[in-house]
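We're numbering straight along the sequence, starting at 1.
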Amino acid sequence: MQPATERLRNFLQYVAVKLIDDPAQAQLKVAELAPKKLRFKLVLAPADVAVLIGRNGFTASAIRNLLKIAAEKEGVQVTLQIHSHEEEAEFLAQENAQ
């Protein structure tokens with residue numbers, strides 16, 4: 001599944017970088033949850049999170065739909081999470097505390 005993951009990663013990275021203001025701070029994490037099931041997590045600067053989510057979440061929804069269509073062609077299920085660096089740090093701290 002590695003080639004499919006890499007193609008989806010490149011696609012998402014291309015789309016996200018074109019929309020955000022500070023691509024140097026962007027991180028794209030990929031986790032394989034199960035065979036043929038991936039979770040993509042975009043960790044961005046707070047201002048970029050707002051831009052990428054968009055008004056009423058329409059931009060994020062459009063990106064998720066495009067990603068899901070691309071994944072279906074690869075025979076993979078995907079989810080996309082968009083977080084700021086601060087939210088990611090809080091999440092990791094909670095995870096480590098358990």
Side-chain angles (χ1 to χ4, degrees):
M1 186 156 90
Q2 185 65 20
T5 303
E6 197 60 34
R7 283 191 291 273
L8 292 169
R9 179 181 179 74
N10 290 340
F11 169 76
L12 183 57
Q13 189 170 356
Y14 175 80
V15 170
V17 165
K18 296 295 180 184
L19 295 174
I20 61 177
D21 294 326
D22 193 1
Q25 287 193 26
Q27 293 179 345
L28 178 57
K29 300 178 181 182
V30 183
E32 189 170 338
L33 303 176
K36 298 195 176 206
K37 189 169 186 178
L38 300 171
R39 178 184 63 208
F40 288 93
K41 189 183 291 187
L42 273 169
V43 184
L44 309 167
D48 287 337
V49 170
V51 169
L52 205 58
I53 291 176
R55 193 170 289 202
N56 295 323
F58 290 132
T59 305
S61 179
I63 293 169
R64 285 186 178 103
N65 286 333
L66 288 171
L67 184 62
K68 285 181 182 181
I69 290 167
E72 284 178 8
K73 289 184 178 184
E74 301 286 350
V76 178
Q77 291 181 337
V78 295
T79 59
L80 172 62
Q81 298 175 337
I82 302 169
H83 298 288
S84 69
H85 289 287
E86 291 81 8
E87 292 169 327
E88 184 68 7
E90 288 176 18
F91 175 75
L92 291 174
Q94 289 175 357
E95 200 173 76
N96 289 336
Q98 294 177 354

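- Counting all heavy atoms, side chain and backbone alike, A26 lies closest to L44 at CB-CD2, 3.5 Å.
- With rounding to the nearest 0.5 Å, the separation of CD1 in I63 from CG in L12 is 7.5 Å.
- R39 places no side-chain N or O within donor-acceptor distance of the main-chain N or O of V30, the cut-off being under 3.5 Å.
- In this structure, E88 CD and E95 CD are separated by 8.5 Å, a value rounded to the nearest 0.5 Å.
- Under the 3.5 Å distance criterion, the side-chain polar atoms of D48 are left unmatched by any main-chain donor or acceptor of I20.
- Note that the CD1 atom of I53 and the CD1 atom of I82 stand 5.5 Å from one another [nearest 0.5 Å].
- Taking both residues in full, the closest heavy atoms of H85 and A45 are given as CD2-N, 3.9 Å, listed atom of the first, atom of the second, then distance.
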Q. Does the side chain to side chain contact (heavy atoms under 4.5 Å, CB included) test come out yes or no for H83 and K41, once each step is laid out?
A. CA-CA 7 Å; H83 298 288; K41 189 183 291 187; 3.6 Å; yes
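- In plain terms, the two heavy atoms of T59 and G54 that are nearest each other are OG1-CA, 3.6 Å.
- Hydrophobic clustering (side-chain heavy atoms under 4.5 Å, transitive across Ile, Leu, Val, Met, Phe, Trp, Tyr) groups L28 together with V78.
- Here CD of E87 is found 10.5 Å from CD of Q81. Values are rounded to the nearest 0.5 Å.
- Of the possible polar contacts, none joining the R7 side chain to the Q2 backbone as a donor-acceptor pair under 3.5 Å is found.
- Using a distance-only test at 3.5 Å, with no hydrogens or angles considered, no donor-acceptor pair links the side chain of Q25 to the main chain of D22.
- With rounding to the nearest 0.5 angstrom, the CG atom of L80 is 5.0 Å from the CZ atom of R64.
- Annotation: the span from F40 atom CZ to K29 atom NZ amounts to 14.5 Å, rounded to 0.5 Å.
- Side-chain contact between L33 and L38: absent, with no pair of heavy atoms (C-beta onward) separated by less than 4.5 Å.
- Annotation: side chain of L42 is not in contact with side chain of V49 (no heavy-atom distance under 4.5 Å).
- Taking all atoms of both residues into account, the shortest heavy-atom contact from A4 to V76 is CB-CG2, 4.4 Å.
- There is a path of hydrophobic side-chain contacts, each under 4.5 Å, that joins L52 to L8.
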